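Just so you know, these numbers use all the heavy atoms, side chains as well, and skip hydrogens, waters and symmetry mates. Every chain is numbered from 1 and lettered A, B, ... according to where its sequence line falls, protein lines coming before strand lines. The structure displayed is predicted, hence computed values, not measured ones.
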Number of protein chains: 2
Amino acid sequence: MAKIPMPGEPVRGSRSGSPIMALFDLLGRRWSMGVLWTLSEQGPLTFRALQNACETISPNVLNARLKELGEAGFVAHEAGGYRVTELGDEIYQALLPLSSASKVWARTLKENLDV
Amino acid sequence: MAKIPMPGEPVRGSRSGSPIMALFDLLGRRWSMGVLWTLSEQGPLTFRALQNACETISPNVLNARLKELGEAGFVAHEAGGYRVTELGDEIYQALLPLSSASKVWARTLKENLDV
DNA sequence: GCGAATGCTACTTTTTCGGTAGCATCATGA
DNA sequence: TCATGATGCTACCGAAAAAGTAGCATTCGC
């Protein structure tokens with residue numbers, strides 16, 4: 001079983017396991033947010049389809065992330081493929097503002113090059 | 001120099017470098033969001049103070065993250081210590097909803113244990 | 001000039017990730 | 001019925017990242 005950070009348990013950034021730090025610990029792994037994002041936008045997807053949608057992820061890592069996200073209750077594997085749960089959608093919704101922020105970032109970088 | 005993902009460049013999850021995937025690539029590294037979060041809430045902080053606030057981060061990783069976040073334009077090092085920039089604050093604001101979501105997550109996990 | 005604080009770097013061990021190959025299972029269908 | 005293809009992985013190995021600890025060089029305030 002994948003050992004995943006949980007609120008209330010010691011995690012990176014908080015020995016007392018504050019929820020936000022536990023979430024950062026979980027999402028702050030390679031591909032974690034990318035997988036959740038892709039699955040939210042394009043799911044449900046089969047393992048192979050998800051692997052394809054992520055473009056360059058290796059099956060090992062994809063499997064590891066799916067187990068972790070599954071154990072956290074963010075994704076589920078049913079007939080038809082992997083899908084985000086209601087709770088997973090909650091996280092996805094919370095990630096949406098990052099998308100706008102990322103565009104501000106991209107624009108800022110671009111402007112700095114132009115100047 | 002730390003090599004960081006940039007929108008427009010190939011990144012994990014997007015060969016064409018979509019901003020959100022570039023941001024996920026950058027923030028999806030251990031401690032990345034934790035450092036930005038801590039600095040936003042408690043900054044400005046000296047290197048040592050930041051290291052302390054993060055509780056268990058090693059100086060190597062802290063230094064690496066600071067360089068990356070600095071190169072991305074999210075944090076700056078001035079007299080008085082490290083601080084988030086205006087752009088960094090933009091990202092921090094976008095992370096705020098994750099805090100509420102993490103609490104929903106914690107509550108859900110707790111309920112499932114009780115049941 | 002001395003001690004404390006600051007901002008690291010060096011080094012070693014452990015963990016994680018990347019990249020490729022391939023296997024077991026199941027449904028189709030000629 | 002026995003290939004054919006899709007699915008969901010696991011195995012293996014080398015490379016990269018992170019953990020954990022020690023300690024050094026440079027201010028800064030006496």
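- Within the structure, ring-ring contact (aromatic ring centres under 6.0 Å, His included) pairs that include any residue of residues 83-104 of chain A comprise A:Trp37-A:Tyr92 (at least two apart or interchain).
- In this view, B:Ala72 and A:Trp105, B:Ile4, B:Leu26, B:Phe74 satisfy the side chain to side chain contact (heavy atoms under 4.5 Å, CB included) rule, not counting sequence neighbours.
- The salt bridge (Lys or Arg N to Asp or Glu O under 4.0 Å) check on B:Glu86 picks up nothing, with sequence neighbours excluded.
- Residue A:Lys3 places none of its side-chain N or O atoms closer than 4.0 Å to OP1 or OP2 of C:dT15.
- Scanning for salt bridge (Lys or Arg N to Asp or Glu O under 4.0 Å) contacts around A:Arg12 gives A:Asp25, with sequence neighbours left out.
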Can you give one letter per nucleotide of nucleotides 18-24 of chain C, 5' to 3': B if a protein heavy atom sits under 4.0 Å from the base, S if only from the sugar-phosphate, - if neither? SBBB---

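- Distance, B:Leu66 CG to D:dA18 P: 13 Å, rounded to whole Å.
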Throw together a table of side-chain donor-acceptor distances under 3.5 angstrom for residues 42-62 of chain B, partners on residues two or more places apart or in other chains.
| residue | atom | partner | partner atom | Å |
| --- | --- | --- | --- | --- |
| B:Thr46 | OG1 | B:Ala49 | N | 3.0 |
| B:Glu55 | OE1 | A:Arg15 | N | 2.9 |

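- Non-hydrogen atoms lying under 4.0 Å from DNA chain D are contributed by nothing in residues 78-85 of chain B.
- In this structure, the salt bridge (Lys or Arg N to Asp or Glu O under 4.0 Å) partners of A:Arg83, at least two apart in sequence or on a different chain, are A:Glu78.
- The closest donor-acceptor contact from the side chain of B:Thr38 to the backbone of B:Gly34 lies under 3.5 Å.
- For A:Ser100, there are no side chain to side chain contact (heavy atoms under 4.5 Å, CB included) partners two or more places apart in sequence or in a different chain.
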